[in-house]
Amino acid sequence: MTWIQDNWTVIFPLGWSHAVLAGVPLVIGLILAIPLGWAARRWRRAYPVIVSTSGLLYTIPSLALFILMPLILGTQILDPVNVVAAMTVYTVALLVRTVADGLGSVPDHVQQAATAMGYGGLRRFLVVELPLAIPVIIAGLRVAAVSNVSIVSVASLIGVSQLGDLLVDGFNRNIPGELLLGIAACLALALVFDVVITAVGRALTPWTRTARA
Amino acid sequence: MIRFDRVTKRFPDGTVAVDELDLTAPTGKITVLVGPSGCGKTTSLRMVNRMIEPTSGAIYLDGTDTADLKAAEMRRGIGYVIQHAGLFPHRTIVENIGAVPTLLGWDKKRIQERSMELLERVGLDPSVARRYPSQLSGGQQQRVGVARALAADPPVMLMDEPFSAVDPVVREQLQDEFLRLQDELDKTIIFVTHDIDEAIKMGDQVAVLRVGGRLAQMADPAYLLTHPADDFVADFVGRDRGYRALSFQASPRLPLHSERTLLMGEATDRTDEWILVVDDEHRPQGWVEPSRLSGPVTEADLQRGGTVARASGSLRAALDAALSAPSRRGVIVDDSGELIGTVRAHEVLAAIEDADRPELQDDDQAGSPAPDPAAEHTPS
């Protein structure tokens with residue numbers, strides 16, 4: 001345990017890069033998943049293709065994806081962009097179905113009323129359908145956040161530094177304290193993500209917390 | 001004016017929802033489309049604002065073919081009310097009401113004022129303005145739905161079973177209030193319902209549709225009740241139509257009898273007959289049986305089963321007042337609710353016998369198709 005006392009401050013720089021590597025893909029992935037999810041709803045026949053194809057991406061082993069990325073993107077092998085891109089793929093994989101189902105949860109009569117009042121397609125999507133899909137999307141985003149925080153640690157194996165370094169180093173040098181600290185920091189970070197996403201979700205959906213009169 | 005010109009809708013699976021419909025909804029009137037499920041009434045309604053595009057034929061809004069208009073823009077000029085109100089759950093009540101004005105680009109202050117004005121107009125307390133739809137009862141939501149449809153003051157309104165998801169008492173209130181509103185607004189309205197009683201109550205004219213989307217009869221309610229065009233319409237219009245038709249016949253001068261009354265809180269020494277109790281302003285409160293009284297009349301002594309008819313009301317109301325009163329004397333009041341006298345059932349019946357029924361027209365029901373024996377007994 002003396003290791004922890006002497007070295008615990010390393011979690012700050014490592015934690016920060018871990019947060020960036022897990023968090024940025026979450027945002028990019030969400031932005032990509034929204035049009036894909038919309039398309040899956042819009043064209044009924046596209047739904048199974050889009051949702052199952054994107055879901056399949058999640059089954060690619062992370063280490064393989066990290067190594068493949070430089071080949072696809074033409075980046076350096078140590079470039080953190082590889083990790084961000086790979087994590088974005090996982091986020092999209094998880095969120096496309098979520099977005100599609102969230103949009104599907106918007107009541108029919110509400111959509112019809114919006115159309116009948118003269119909302120054009122894009123405006124109806126942005127002003128009516130997307131906001132109403134938020135509760136479902138937030139739920140999916142929480143899952144994706146936890147998944148990202150956990151998968152990112154593998155990036156240590158390709159030399160991109162974050163909290164995973166503590167796990168790899170702790171294992172290689174047999175320092176239980178370092179292993180423990182790495183696990184605890186990952187857990188704490190996942191918790192922070194969850195709290196932030198939940199808070200944002202609450203702020204965006206005041207109508208879901210009103211008691212029935 | 002909304003005019004359907006040989007409008008047909010055939011869905012991709014081959015079902016014909018609406019078949020060569022010719023129909024005119026006159027300006028400032030409520031035209032009700034009524035019929036069993038599968039008669040194409042909702043499809044017809046949705047073709048007006050092009051939520052559904054007709055397969056053939058055309059719909060004209062004040063002479064303009066709706067196919068030539070931009071759908072979204074046209075819709076902003078047509079109020080739309082549906083069964084479950086279809087309010088935006090994530091918007092407050094004022095925001096919901098202001099939705100179309102917002103689309104039209106009104107400035108914020110004007111939208112706010114207009115929304116608050118409408119809120120009161122449809123009988124809602126201004127305190128609900130900042131609430132969300134889920135915090136309101138079904139009836140209140142439906143009122144918001146009406147307010148929202150009226151927000152940009154559209155000349156035309158489409159109403160698809162607007163009052164059928166609320167309980168009967170609230171439904172009746174909403175119907176009455178809407179009719180009062182329409183008296184001031186004179187909107188051109190197409191109103192869809194499956195409920196013939198609602199159709200007869202709300203409609204200036206009623207179009208009865210049969211399964212397969214064909215017009216069976218188009219007439220004003222009184223005419224529909226007295227002269228159904230065929231068995232289908234007669235069946236659909238239902239029982240008691242003779243009695244219900246009386247709703248549309250104004251009472252002639254009925255022979256009124258003066259009635260001995262008792263003021264609330266007074267005692268009486270009579271013991272024989274039913275006595276009518278009134279309040280200080282001479283408004284009927286109920287009947288009492290003096291033999292059961294042990295002192296001054298209190299609220300608890302009143303028999304309130306009897307209905308009250310206005311002298312300017314219908315024969316149906318007058319007859320009902322006579323039939324429902326425990327004394328068998330129907331209470332008649334003036335427009336301010338003050339007692340003017342009572343009438344007996346046989347006297348109302350005599351008045352009914354003297355009254356004219358709407359006459360059968362030779363060129364019966366404009367727009368109704370020629371009798372088609374095959375379609376007469378379409379299962380409903």
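In what follows, chains are A, B, ... by sequence order, proteins preceding strands, each numbered from 1. Keep in mind it's a predicted model, so treat the numbers as computed, not measured.
Contact annotation: the side chain of A/F193 never approaches that of A/N148 to less than 4.5 Å [non-hydrogen atoms, C-beta and beyond].
Donor-acceptor pairing under 3.5 Å is recorded for the side chains of A/R124 and A/T115. B/Q83 and B/S164 are linked by a side-chain donor-acceptor pair at a separation below 3.5 angstrom, with hydrogens and angles left out of the test.
Residue with the most contacts toward chain A among B/V100, B/L103, B/N49: B/L103 (heavy-atom pairs, distance under 4.5 Å). With chain A as partner, the option from B/R75, B/R148, B/R76, B/H90 having the largest number of non-hydrogen pairs under 4.5 angstrom is B/H90. Between chain B and the residues A/V110, A/V106, A/T205, A/D108, the largest count of heavy-atom pairs under 4.5 Å involves A/V110. Heavy-atom pairs under 4.5 Å with chain A were tallied for B/K70, B/H84, B/E73, B/R50; the largest tally goes to B/H84.
Salt-bridge annotation for B/K187 and B/D153: present, with a side-chain N of the basic residue lying under 4.0 Å from a carboxylate O of the acidic one. Electrostatic pairing of B/E177 and B/R143 counts as a salt bridge here, judged by a charged N lying under 4.0 Å from a carboxylate O.
Nearest approach of B/G77 to B/P155, heavy atoms of both residues: O-CD, 3.6 Å.
Residue contact with chain A, scored on non-hydrogen atoms closer than 4.5 Å, involves the backbone of B/L87 exclusively. Looking at B/I78, only its backbone comes within 4.5 Å of chain A, counting heavy atoms on both sides. With a threshold of 4.5 angstrom between heavy atoms, A/V127 approaches chain B through its backbone and through its side chain. Heavy atoms closer than 4.5 Å to chain B are found in both the backbone and the side chain of A/Q112. Proximity to chain A is limited to the side chain of B/R91, based on heavy atoms less than 4.5 angstrom apart.
You'll find the ring centres of B/F178 and B/F191 outside the 6.0 Å limit.
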